[in-house]
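Input: a single structure, listed below in structure tokens.
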Amino acid sequence: GILGGGGGIVLYRQELTEKEKSAAQEVIALKRTLEMHRTERDQEVSALDRTLTKLRAELHELMQDNKRNWESVSSQMELQIANSEKGHTTSSQLLSEKKLSLKTNIETERQSGRDAEATLRKKKERIEADLTSQVLFVLWFAILCFDVGNQI
């Protein structure tokens, strides 16, 4: 025959079968690699999600602490003002100075709270951006692996 007899066709079919087996093994290996990467990314995303949850809880706690501090300082300030109105001129002057000091402390506490909140928000945004880029990478990698798998 054209291929050198019936033996040539059998040899050609064996080569195709070997190539098909090799391609199937490569697909299986790629799928395993993809699954491993997915698992790693899922673990990373989970860890980042736990960190984000923790940061949100810390931010909430800081905000609650700031509110309690504000209420406490405001309460103290109101009490001091009420007492100063009962006293004489010297007491009134001393209490006015105390009021100014408390206002300064309140503003300092308020600014400290704002700074802490801003820092936590920036950290949260950075983590969310990192998480987004990692998810996009995983999607890109999955598409790439899918395309490679379809080409085989």
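Side chains are part of it too, since the values below use all heavy atoms of this structure and drop only hydrogens, waters and symmetry mates. Everything numeric in this text was worked out from a predicted model, so none of it was measured.
The residues E107 and R110 are annotated as salt-bridged, a charged nitrogen and a carboxylate oxygen being separated by less than 4.0 angstrom. Of the charged side-chain nitrogens involved, at least one lies within less than 4.0 Å of a carboxylate oxygen, so that E117 and R121 count as a salt-bridged pair.
Using modelled atom types, no side-chain atom of S46 and backbone atom of D42 make a donor-acceptor pair closer than 3.5 Å. Listed for the S74 side chain is a donor-acceptor partner under 3.5 Å among the backbone atoms of W70. T39 contributes a side-chain N or O that, together with a main-chain N or O of E35, makes up a donor-acceptor pair within less than 3.5 Å. Looking at S112, its side chain never comes within 3.5 Å of a backbone N or O of T108 through a donor-acceptor pair.
Residues satisfying the side-chain hydrogen bond (donor to acceptor under 3.5 Å, both in side chains) test with R68, not counting sequence neighbours, are D65. For K124, the salt bridge (charged side-chain N to carboxylate O under 4.0 Å, His left out) partners are E128, not counting sequence neighbours.
At most 12 heavy atoms of other shown residues, nucleotides or ligands fall within 6.0 angstrom of atom CD in E61.
Using a 3.5 Å distance cut-off with no hydrogens or angles, the side chains of Q111 and D115 do pair a donor with an acceptor.
The structure places NZ of K31 at 11.5 Å from SG of C145, a figure rounded to the nearest 0.5 Å.
Cluster annotation: V138 and L131 are assigned to distinct hydrophobic clusters (Ile/Leu/Val/Met/Phe/Trp/Tyr, side-chain heavy-atom contacts under 4.5 Å, transitive).
A 4.5 Å side-chain heavy-atom check between V45 and V135 finds at least one atom pair inside the cut-off.
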